[in-house]
Amino acid sequence: MAKLPMLRRWWSPLMLIQPTSSSVRLLHDRSHVPRIVDDRTKKRVHKVVTYGFDFNYHLNGVQRLPRLKDNKVPLRKPEVKEKDAWRDDRAFFGQNDYIDLLGDGSVHPAQLMYHVPRWLRGFPGQHRANELVKLIHYRNLYKQQMQQHTPKRWHDLCKRIQYLLHHHNYKKADELHSERNLGLWDEEPDYFFKDKSRRSYKDLV
Amino acid sequence: MLSRQLLFACRGVQRCCGRPISSPSSVATFRKCYVSSNAGADSPSSTTPEPVFAGRNLWRADTLTSFQEKPQAWLSTLEDKHDRKIGLLDLHPDVFRAPPRLDIVHRNIVWQQNYRNVQFTKTLTRAEMPGGGKKPWPGKRMGRSKAGSIRAPYFRGGGIAHGVRGPRTWFYMLPDALRLKGLCTSLTIKHNQDDLVIVDSFDRLPSPDAQLLHDLADHRNWGYSVLFIDVPDRACENLALACADIPSFNIMPTYGLNCYSMHKYQTLVMTHEALNYLEERILFHLHRADTLQNKFRYKDMKEKLLNEGEGEDDPVHAPFV
């Protein structure tokens, strides 16, 4: 007995049913493909819809986009941006980055970062000094000025630092002792630290 | 352009530059071909300048070893478009025949591209957004979800929980050892691939005509882009005027030399004086007493950096963060 060929329709018979109070739930699509994961770095993925498109799986190539009959409207393409590779800032990019070695040593490239805010020049970036460290540094510099002139901003800064302290102290794992050697502040030695790895009552062997 | 240079860095096509001069006979034949009849050094630019034969003083170079190739370069002049060699210079092997560490060059270029970056975008959290102090509706009997503030992240128009926070930098410094090695490797690559040209002086260029410079570069097969390196900050008048009309021909002082520019420009043209200066500076740092594996510590430069930017701040409003 020959098997009946499997019907392949893009519309499901369920959609022909008039929605009643009991069958409304049947119309929801719960396939969750592709799976949407909360990724802060990328934009949210939109589910791809291929209704009405006839896939040719045996074609060794890419099919043309679906079009309505006799539709000659061209595709919208973004304008070609011509980059002038020899514009002044591009032609001289990286100049003076080795000025402390090739010059007389009096100028350091950190002093040449005029486009960076004053308190961040030479300050380690986010991969080493996180937001908390950055804000504490900012607070050290502008405490007096903010308390006097902009108390609301001062209050917001203090709130943010408090929140970050709480976050790092209670919700993040402890760091190893010298993992973060930032070179920002003079570090006081821990006078009360005692090396308990060697004890007299334990066998050294 | 950048990737092409790095890709072909190790080809090592041996041309006249890489051949060592070990026998005195080759020097004699060179002398025969290139010695000039009139030896006046102060004569006008139409006569040939003094050819250079005296070996350069290569400071602390290991000349006794037979395993080290001794790099050499022609010394030419910009007087007319025909490439007339007026000397042969010995180059220091530690600078111009350094082992080709492409990974270090890559690290240098990545550092140059990233260490100056700043991002000024900032998203506000629910605490910083205006309003949002009052509970919008009571928790019970409303049939709505519980809400504590209209600026919570789950609200439309609310604050962002873990967003981009304030001015952010990617600043870091490579240790001196890596930066010097990157410079030496880049110079080695340039010399080995025949992209390094040494010229006696830039003021021998006869006219400020851009077309003349273009023809000169074309005749000598320099490349689309040329970087002229000279010691003083002020460039020679003729060269400056000629380069102003050609966007891909640019002039830089010696202290402005860097790995990114060396790989961006196809040809590097430097004066004899600039060569001496660069070698002296690089060798000074390679042989200096204190360590090259140094970390940049902000506290060493903190006072200087903050004092230099004193006049930029507004006395009333602290900068935005």
Side-chain angles (χ1 to χ4, degrees), chain A residues 40 84-88 90-105 107-129 131 134-135 137-138 141-142 145-146 148-150 153-154 156-157 159-160 163 181-186, chain B residues 1 109 111-118 125 127-128 162-163 165-173 176 179-180 183 225 247-248 250 252 254-261 264 277-278 281-282 285 295-302 304-306 308-310 312-313 315-321:
Chain A
R40 288 176 211 134
D84 181 15
W86 302 105
R87 204 175 63 190
D88 266 356
R90 287 193 183 128
F92 296 105
F93 182 84
Q95 191 182 14
N96 301 335
D97 282 346
Y98 296 78
I99 195 168
D100 58 330
L101 295 171
L102 297 176
D104 60 356
V107 181
H108 193 274
Q111 292 171 264
L112 302 175
M113 291 169 49
Y114 303 115
H115 60 293
V116 174
R118 182 183 90 117
W119 83 94
L120 283 178
R121 271 173 214 156
F123 197 78
Q126 190 127 325
H127 60 286
R128 299 208 69 225
E131 197 202 340
K134 195 170 53 171
L135 289 179
H137 173 59
Y138 179 87
L141 295 176
Y142 296 109
Q145 195 179 337
M146 282 179 102
Q148 192 182 0
H149 297 293
T150 52
R153 281 189 61 205
W154 168 252
D156 285 343
L157 179 71
K159 275 200 298 185
R160 182 71 189 165
Y163 165 77
N181 192 11
L182 289 170
L184 295 175
W185 304 297
D186 290 317
Chain B
M1 212 137 299
I109 292 173
W111 167 71
Q112 283 190 269
Q113 285 172 329
N114 291 339
Y115 87 102
R116 288 166 62 88
N117 285 353
V118 198
T125 54
E128 292 161 353
H162 299 289
R165 294 295 302 166
R168 177 193 166 167
T169 51
W170 280 260
F171 180 82
Y172 68 105
M173 286 299 294
D176 291 352
R179 290 196 290 154
L180 285 165
L183 281 173
S225 49
S248 58
N250 286 302
M252 248 192 218
T254 39
Y255 58 76
L257 191 65
N258 59 92
C259 297
Y260 185 94
S261 297
K264 184 180 170 76
Y277 179 88
L278 277 172
R281 283 273 88 205
I282 292 174
H285 283 292
K295 272 193 183 173
F296 176 81
R297 288 195 314 183
Y298 180 60
K299 68 178 179 214
D300 297 337
M301 290 215 60
K302 183 175 172 179
K304 205 200 275 191
L305 288 165
L306 291 173
E308 275 177 5
E310 253 178 8
E312 294 170 15
D313 285 339
V316 170
H317 299 283
F320 184 77
V321 78

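Chain naming here is simple, since letters A, B, ... match the order of the sequence lines and numbering starts at 1 in each.
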*Where on B:Asp300 is there a heavy atom nearer than 4.5 Å to chain A: the side chain, the backbone, both, or neither?*
neither
*Please determine, among B:Val316, B:Leu183, B:Leu305, the option with the most heavy-atom pairs under 4.5 Å with chain A.*
B:Val316
*asked:* At a heavy-atom distance under 4.5 Å, which candidate from B:Arg168, B:His317, B:Glu308 has the highest pair count against chain A?
replied: B:Arg168
*Out of A:Lys159, A:Gln148, A:His137, which one racks up the most heavy-atom pairs below 4.5 Å with chain B?*
A:His137
*Determine the option with the most heavy-atom pairs under 4.5 angstrom with chain A, choosing from B:Leu278, B:Thr254, B:Asn250.*
B:Asn250
*Any idea which of A:Ala85, A:Ala129, A:Ala91 has the most non-hydrogen atom pairs under 4.5 angstrom with chain B?*
A:Ala91
*For chain B, which of A:Asp156, A:Leu182, A:Thr150, A:Asp100 has the most heavy-atom pairs under 4.5 Å?*
A:Asp100
*Among B:Lys302, B:Glu128, B:Lys295, B:Met252, which residue forms the greatest number of heavy-atom pairs with chain A at distances under 4.5 Å?*
B:Met252
*Tell me, do B:Tyr172 and A:Arg128 make a side-chain contact under 4.5 Å, heavy atoms counted?*
no
*What residue, out of A:Met146, A:Gln145, A:His149, has the most heavy-atom pairs lying under 4.5 Å from chain B?*
A:Gln145
*For the pair B:Gln112 (side chain) and A:Gly94 (backbone), establish whether a donor and an acceptor sit closer than 3.5 Å, ignoring hydrogens and angles.*
yes
_Under 4.5 Å from a heavy atom of chain B, the part of A:Gln126 involved_ = both
*Between A:Phe93, A:Phe92, A:Tyr142, A:Phe123, the one whose heavy-atom pairs under 4.5 Å with chain B are most numerous*: A:Phe93
*Most chain A-contacting option - heavy-atom pairs closer than 4.5 Å, from B:Arg297, B:Glu310, B:Arg281, B:Met301*: B:Arg281
*Specify whether B:Tyr115 and B:Trp111 have parallel, tilted or perpendicular ring planes, treating 30° as the upper limit for parallel and 60° as the lower limit for perpendicular.*
parallel
*Ignoring hydrogens and geometry, is there a side-chain-to-backbone donor-acceptor pair from B:Tyr277 to B:Tyr255 under 3.5 Å?*
no
*Between A:Arg160 (side chain) and B:Thr125 (backbone), is there a donor-acceptor pair under 3.5 Å?*
no
*asked:* Let's test your reading of the structure: which of B:Pro167, B:Ser261, B:Gly163 forms the most heavy-atom pairs below 4.5 Å with chain A?
replied: B:Pro167
*Indicate yes or no: does A:Arg118 engage B:Glu312 in a salt bridge with an N to O separation below 4.0 Å.*
no
*Which bit of B:Val118 is near chain A, if near means a heavy-atom gap under 4.5 Å: side chain, backbone, both or neither?*
side chain
*Does NZ or CZ of A:Lys134 fall inside the cone over A:Trp119's six-membered ring, less than 6.0 Å from its centre and within 45° of the axis?*
no
*Interface residue of largest heavy-atom contact number with chain B, from A:Asp104, A:Leu101, A:Asn96, under 4.5 Å*: A:Leu101
*Test A:Val116 against B:Thr169 for side-chain contact (heavy atoms from CB on, under 4.5 Å), laying out the working first.*
CA-CA 8 Å; A:Val116 174; B:Thr169 51; 4.1 Å; yes
*In terms of heavy-atom proximity below 4.5 Å to chain B, should A:His115 be classed as side chain, backbone, both, or neither?*
both
*Mark yes or no for whether B:Arg116, through its side chain, and A:Met113, through its backbone, hold a donor-acceptor pair below 3.5 Å.*
no
*In terms of side-chain geometry, is the basic nitrogen of A:Asp84 or A:Arg90 positioned less than 4.0 Å from the acidic oxygen of its partner?*
no
